[in-house]
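Everything quoted here is computed from the prediction, not taken from an experiment. Counting from 1, the numbers follow the sequence of the chain as shown.
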Amino acid sequence: MNVLFEEDGHFRAGSVMTDSVSSLQVELPSGKRSKVKAAHVLLRFASPEPSALLSAAETQSAELDAPFLWEVSGDDEFGFEELAREYHGGTPDAVQSTAVLLCLHAAPVYFHRKGRGRFRKAPPDILKAALAGLEKKRLQQEQIDGWSSELQAGRTPPEIAACAAQILYKPDRNRLETKAVEAAAGAAGLSVVELMARAGAFASSHDYHLGRFLFEYFPRGTDFPTHEVPAVGELPDAGVHAFSIDDATTTEIDDAFSVQPKDGGGWRVGIHIAAPSLAIQPGTPLADIARSRLSTVYFPGRKITMLPDEAVDAYTLAEGRDCPALSLYLDVETDLRVTAKESRIERVRVAANLRHQQIEPLFNEDTLMSDALPDFPWRDELLLLWRLAEVLEAGRGKPSANSGQMDFNFYVDWERHTADGDGYVDIQRRARGSPLDKLVAELMIVANNTWGAALRDAGIPALYRAQGAGKVRMTTVAAPHEGLGVDCYAWSTSPLRRYVDLVNQWQMITLLRGEPPVFPPKSEALLSALRDFEVVYAAYADFQRSMERYWCLRWLRQRADAGDDSPLPALVLRESLVRLEHIPLVLRCPSLPARDPRARVEVEVDHIRLLDNDARARWVGDLAPLEGQVAVSEDELAEEIAEAELPPDQPAADAPLPEVTPAAPESGEAD
């Protein structure tokens with residue numbers, strides 16, 4: 001005797017070895033023996049052999065029509081053998097009965113299971129709804145298959161293009177479009193990003209990386225909402241001629257300086273900061289825009305400004321204009337001691353916008369140390385301010401630790417096209433801690449410290465930068481900044497591009513005018529702005545580093561396209577981590593032998609993957625140390641490693657890297 005039984009949701013057939021009232025010992029065609037409860041037995045049969053029953057039944061079941069069986073079955077519950085007898089018009093054999101069982105079991109839309117081997121036909125209304133659902137799924141699958149075929153052919157259907165950003169950066173796997181893309185990627189053996197790139201879903205690898213950032217932080221786009229740019233009212237004339245010092249690409253000119261000789265000797269040095277806060281009032285559209293963006297986003301070749309261009313144009317310290325400003329005046333004696341300070345709200349004449357590219361060839365460490373400083377406009381003023389900066393730096397007791405290190409400036413020519421898309425990058429090295437940098441940084445430190453202290457002493461809350469035990473944090477309570485050697489430090493000198501500075505400027509102006517502060521003590525709005533700014537500012541800095549890494553890879557591709565595949569000099573950071581000397585690119589180099597940190601080596605870079613923002617370095621040989629190479633402390637080395645923007649989804653070739661931390665502002669905290 002043979003039996004058909006159900007086990008773990010599957011139908012099985014075997015030969016009975018022993019049979020008792022409650023259970024049977026059954027041998028399967030594979031030779032395995034199984035104990036089967038009697039209640040699980042669906043059919044007893046003598047022929048065919050158990051090994052042939054299910055295969056023969058499956059063949060017959062495929063020929064049965066489930067809708068017809070539904071039509072001929074009654075409304076009451078029934079067993080499969082009953083329906084098999086009615087269908088075949090007599091006693092069915094084992095294969096015929098099993099075929100009906102398999103057909104009923106495979107058609108849950110038509111037949112609802114009521115027990116082992118027992119069923120009831122689906123009510124007509126439920127069947128109609130179920131069939132409609134099946135038809136909908138069939139049409140959806142047809143749509144998915146059609147889109148998938150288009151994508152594999154290198155074309156992006158309009159429906160996919162409309163939601164490409166969501167598919168790339170935050171896929172909703174319940175959407176048909178996402179299912180189609182993932183199906184096409186699997187069929188093509190590509191990642192989703194590679195498939196979408198090949199299908200033209202985004203114009204270039206640059207647009208892919210930029211799109212990820214915009215999707216998260218500017219989901220409604222970078223256009224500004226409707227706003228007005230209010231004018232600043234009447235202000236007293238400062239009676240000075242000021243000049244600014246910035247990079248050639250800077251449009252948000254926040255700070256300028258003036259120098260006036262004093263009767264009896266000494267000078268009156270003016271630090272003039274753009275004052276958009278005199279026109280932009282809290283709660284107005286422009287203030288709300290600044291609050292929502294919190295900072296200008298900088299990245300090579302482009303930027304997303306905190307304020308609209310017309311607002312920046314109205315309040316920037318542009319050459320040849322009388323500009324509203326919050327000024328700090330320092331009374332400087334002939335021995336460069338600062339004997340008095342005064343803050344004023346006024347209108348300042350900006351006589352010149354000096355640019356690094358024009359001034360640094362004339363005003364640098366070599367010309368200053370050789371006493372061969374050439375004659376050029378503003379030379380004497382710059383020389384005095386530099387000497388004052390030296391004294392201020394010494395007074396803080398924190399001399400610059402950046403001297404001898406390099407900054408890198410990225411310039412992208414969007415008019416030039418390469419195989420990787422629009423844009424040709426030029427990366428220029430610039431010594432950090434140059435005389436111009438020190439001059440600006442020290443005067444900004446004085447302003448941020450002076451105004452922060454004034455607000456603290458007046459009991460007016462502000463947003464401070466504090467540093468202790470090596471950690472920098474934002475706080476509403478004045479606290480020392482150990483890294484700068486000052487008792488408090490409130491960012492106040494970049495109100496055109498940072499919301500924190502705009503807030504502090506609002507507070508400072510109310511102090512000078514004797515008005516109630518915009519943000520009173522324990523203001524929830526002030527605390528909320530602090531929390532949001534910290535998060536957003538760190539994210540913007542991470543994005544800037546990521547895009548700088550991307551353009552470093554583009555620079556390498558440009559170099560290779562020009563036929564230059566020679567090895568590149570690099571510095572060992574630690575173990576298998578190196579940083580190229582010509583560009584600020586940190587790469588893993590698994591083939592690097594054991595070398596001390598700061599050892600110079602030669603590497604070849606290949607396998608550049610722009611979409612992954614990564615490449616591979618291969619050790620070629622060792623290089624001699626550079627003459628006069630600056631020694632770097634362990635803390636500085638650890639900070640440089642931590643700030644290296646390496647793709648987090650790439651497996652490390654050595655020990656895990658430290659967590660990426662936000663980049664420090666240019667020129668230290670005094671930008």
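Looking only at atom types and distance, the side chain of Lys303 has no donor-acceptor partner in the side chain of Thr249 under 3.5 Å away. Defined by atom type and a distance below 3.5 Å, a donor-acceptor pair is missing between the side-chain atoms of Asp420 and Thr418. Between Ser434 and Glu360, the side chains place a donor N or O and an acceptor N or O closer than 3.5 Å (distance only, hydrogens not considered). Residues Tyr489 and Asn448 have side chains that bring a donor and an acceptor to within less than 3.5 angstrom of each other. A donor-acceptor contact closer than 3.5 angstrom links the side chains of Asp487 and Asn449.
Leu392 has its side chain out of reach of Leu336: every pair of non-hydrogen atoms, C-beta onward, lies at least 4.5 Å apart. Leu354 has its side chain out of reach of Gln358: every pair of non-hydrogen atoms, C-beta onward, lies at least 4.5 Å apart. Contact annotation: the side chain of Arg387 approaches that of Leu383 to within less than 4.5 Å [non-hydrogen atoms, C-beta and beyond]. Side-chain atoms of Leu463 and Tyr499, non-hydrogen and from C-beta on, never get closer than 4.5 Å to each other. Counting heavy atoms from C-beta outward, Arg549 and Leu587 have side chains that approach closer than 4.5 Å. Contact annotation: the side chain of Asp255 never approaches that of Thr493 to less than 4.5 Å [non-hydrogen atoms, C-beta and beyond]. Counting heavy atoms from C-beta outward, Asp237 and Asp322 have side chains that stay 4.5 Å or more apart. In this structure the side chain of Arg347 reaches within 4.5 angstrom of the side chain of Val232, judged on heavy atoms.
The nearest pair of heavy atoms linking Asp288 to Gly283 is OD2-O, 3.7 Å. The two atoms that bring Ala238 and Val348 nearest to each other are CB-CG2, 3.8 Å, heavy atoms only. For the residue pair Ala165 and Phe215, the shortest heavy atom distance occurs at CB-CD1, 3.9 Å. Annotation for Leu385 and Val269: closest pair CD2-CG1, 3.6 Å, computed over non-hydrogen atoms. When every heavy atom of Ala290 is checked against every heavy atom of Leu502, the shortest pair comes out as CB-CD2, 4.1 Å. Residues Leu317 and Asn353 come closest through the heavy atom pair O-ND2, 3.0 Å.
Within the 3.5 Å criterion, the main-chain N or O of Asp247 finds a donor-acceptor partner in the side chain of Arg355. Here the side chain of Glu548 pairs no donor or acceptor atom with the backbone of Pro584 at under 3.5 angstrom. Although no hydrogens or angles enter the test, the distance criterion places no donor-acceptor pair under 3.5 Å between the side chain of Trp555 and the main chain of Val425. Not one N or O on the side chain of Thr367 forms a donor-acceptor pair closer than 3.5 Å with the backbone of Pro374. Between the side chain of Thr284 and the backbone N or O of Ile280 there is no donor-acceptor pair closer than 3.5 Å. Formation of a donor-acceptor pair under 3.5 Å by the Thr305 side chain with backbone atoms of Pro308 is not found in this model. Side-chain N or O atoms of Tyr464 include one that pairs as donor or acceptor with a backbone N or O of Gly452 at under 3.5 Å. Looking only at distances, no side-chain donor or acceptor of Glu442 sits under 3.5 Å from a matching main-chain atom of Leu388. For Arg344 (side chain) and Leu326 (main-chain N/O), no donor-acceptor pair under 3.5 Å exists by modelled atom type. Between the side chain of Arg557 and the main chain of Leu610, no donor-acceptor pair closer than 3.5 Å is present.
Using a cutoff of 4.0 Å between basic side-chain nitrogens and carboxylate oxygens, Glu390 and Lys438 are scored as salt-bridged. Lys170 has no carboxylate O lying under 4.0 Å from a charged side-chain N of Glu216, or vice versa, which leaves the two without a salt bridge.
Between Trp506 and Phe519, the angle of the ring planes lies from 30° to 60°, which puts this pair in the tilted group. Using cut-offs of 30° and 60° for the angle between ring planes, the Trp551 and His206 rings count as tilted. Ring pair Phe213/Phe543 is parallel by interplanar angle, where below 30° counts as parallel and above 60° as perpendicular.
Residues meeting the ring-ring contact (aromatic ring centres under 6.0 Å, His included) test with Tyr208, sequence neighbours left out: Tyr169, Phe202. For Tyr329, the side-chain hydrogen bond (donor to acceptor under 3.5 Å, both in side chains) test picks out Glu346, with sequence neighbours left out. Partners of Ser343 according to the side-chain contact (heavy atoms from CB on, under 4.5 Å) rule, which considers only residues two or more places apart in sequence or in another chain, are Leu328, Trp451, Met508, Leu512.
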| said: As a quick check of understanding, evaluate side chain to side chain donor-acceptor pair (under 3.5 Å) for Ser528 and Arg291, giving each step before the final call. | reply: CA-CA 10 Å; Ser528 175; Arg291 175 64 178 84; 3.1 Å; yes
Exercise for review: Test side chain to side chain contact (heavy atoms under 4.5 Å, CB included) on Asn613 and Ser546 and set out the steps.
Suggested key: CA-CA 8 Å; Asn613 212 15; Ser546 175; 3.4 Å; yes
Subject >> CA sep, side-chain torsions, deciding dist, call: His356, Leu436, side chain to side chain contact (heavy atoms under 4.5 Å, CB included) >> reply: CA-CA 8 Å; His356 289 151; Leu436 285 180; 3.8 Å; yes
Requested in this report: Show your reasoning for whether ring-ring contact (aromatic ring centres under 6.0 Å, His included) applies to Phe363 and Trp378.
Outcome: CA-CA 11 Å; Phe363 190 86; Trp378 307 100; over 10 Å; no
Exercise for the section: Go through the steps for Leu511 and Leu455 under the test side chain to side chain contact (heavy atoms under 4.5 Å, CB included), then give the verdict. Expected result: CA-CA 7 Å; Leu511 172 61; Leu455 292 171; 4.2 Å; yes
Side chain to side chain contact (heavy atoms under 4.5 Å, CB included), that's the test. Do Ile245 and Ile359 meet it? Break it down for me. CA-CA 9 Å; Ile245 307 170; Ile359 301 301; over 6 Å; no
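Screening His272, Glu381, Arg268 for a side chain to side chain donor-acceptor pair (under 3.5 Å) with Ser258, the sole residue that qualifies is His272. Gln507 pairs in a side chain to side chain contact (heavy atoms under 4.5 Å, CB included) with only one of the listed residues (Ser492, Ser277, Pro517), which is Pro517. For the pairing with Gln505, the side chain to side chain contact (heavy atoms under 4.5 Å, CB included) check across Asp501, Ile509, Val503 returns one residue only, Ile509.
Both the sub-6.0 Å distance and the 45° axial angle are satisfied by Arg293 relative to the ring of Phe224.
Heavy atoms of other residues, nucleotides or ligands lying less than 6.0 angstrom from CD of Glu515 number more than 12. At most 12 non-hydrogen atoms from other residues, nucleotides or ligands lie less than 6.0 angstrom from CD of Glu228.
Leu527 CG to Thr475 OG1: the interatomic distance, rounded to the nearest 0.5 Å, is 9.0 Å. Considering CG of Asn504 and OG of Ser494, their distance stands at 11.5 Å, rounded to 0.5 Å. With rounding to the nearest 0.5 Å, the separation of CG in Leu439 from CH2 in Trp386 is 10.0 Å. Tyr537 contributes atom OH, which lies 9.5 Å from atom OG1 of Thr296 (distance to the nearest 0.5 angstrom). Here Leu384 contributes atom CG and Asp380 contributes atom CG; the two are 9.0 Å apart, rounded to the nearest 0.5 Å.
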